[in-house]
Amino acid sequence: MADRTLPFGTFEGTDAHEFVPGVWLNAVGGEQVLLCKVTYEPGKEVRRHSHEQTEQVMYILEGEVTITVEDETRSLRAGDTVVINRGL
């Protein structure tokens, strides 16, 4: 989970944990923002959920992912971003 004690973080040299089967996660964040480095095996997904305490910011490094925020679904590719407000 996110280390909320430091203002600086890195994904380098850290081991991802298997968040759900086939989805590997590293996370850094603060009181208001959560940034995750996530690797999905083909065909894997994360169930619909919300973050009540933090906003989530995603930047797609490679590949393609389909994301639903509230009632809107989009396919995102490398270079795309999404900011999901807390509680959505």
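Below, each value reflects all heavy atoms present in this structure, side chains not excepted, and no hydrogens, waters or symmetry copies.
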If you compare all heavy atoms of [X] against all heavy atoms of [Y], which two are closest, and at what distance to 0.1 Å?
| X | Y | value |
| --- | --- | --- |
| E62 | A78 | CA-CB, 3.9 Å |
| T14 | T10 | CG2-O, 3.7 Å |
| V46 | V20 | CG2-CG2, 4.3 Å |
| F19 | L25 | CD1-CD2, 3.8 Å |
| L35 | F11 | O-CZ, 3.9 Å |
| E45 | V23 | O-CG2, 4.0 Å |

Test side-chain contact (heavy atoms from CB on, under 4.5 Å) on L76 and V82 and set out the steps.
CA-CA 9 Å; L76 303 177; V82 61; 4.0 Å; yes

Could you tell me whether the side chain of S50 and the main chain of E52 form a donor-acceptor pair under 3.5 Å?
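Judged by distance alone, no pair lies under 3.5 Å.
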
Looking only at side chains, do T54 and Q56 share a donor and an acceptor under 3.5 Å apart?
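No pair is found: no donor N or O on one side chain lies under 3.5 Å from an acceptor on the other.
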
Do V65 and L88 share a hydrophobic cluster, counting only Ile, Leu, Val, Met, Phe, Trp and Tyr and linking them when any side-chain heavy atoms are less than 4.5 Å apart?
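Hydrophobic grouping puts V65 with L88.
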
Apply the test side-chain contact (heavy atoms from CB on, under 4.5 Å) to residues T68 and R48: give CA-CA distance (whole Å), side-chain angles for both, the deciding distance (0.1 Å), then the verdict.
CA-CA 8 Å; T68 301; R48 193 170 182 139; 3.3 Å; yes

Please report the C-alpha distance between V57 and L34 in whole Å, then the side-chain angles of each, then the deciding distance to 0.1 Å, and finally whether the side-chain contact (heavy atoms from CB on, under 4.5 Å) criterion is met.
CA-CA 6 Å; V57 178; L34 174 64; over 6 Å; no

M58 and side-chain contact (heavy atoms from CB on, under 4.5 Å): which single residue from T81, V38, I84 fits?
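In the set T81, V38, I84, the residue that makes a side-chain contact (heavy atoms from CB on, under 4.5 Å) with M58 is I84.
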
Just do the side-chain contact (heavy atoms from CB on, under 4.5 Å) check on Q53 and E31 with the steps written out, would you?
CA-CA 7 Å; Q53 303 301 316; E31 293 177 10; over 6 Å; no

Note, W24 side chain near K37 side chain (heavy atom, < 4.5 Å):
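A side-chain contact under 4.5 Å is absent here.
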
Looking at E72 and R74, does any basic side-chain N land under 4.0 Å from a carboxylate oxygen?
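Salt bridge present between E72 and R74.
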
CG-CD distance between D80 and E64, expressed to the nearest 0.5 angstrom
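Output value for this atom pair is 9.0 Å.
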
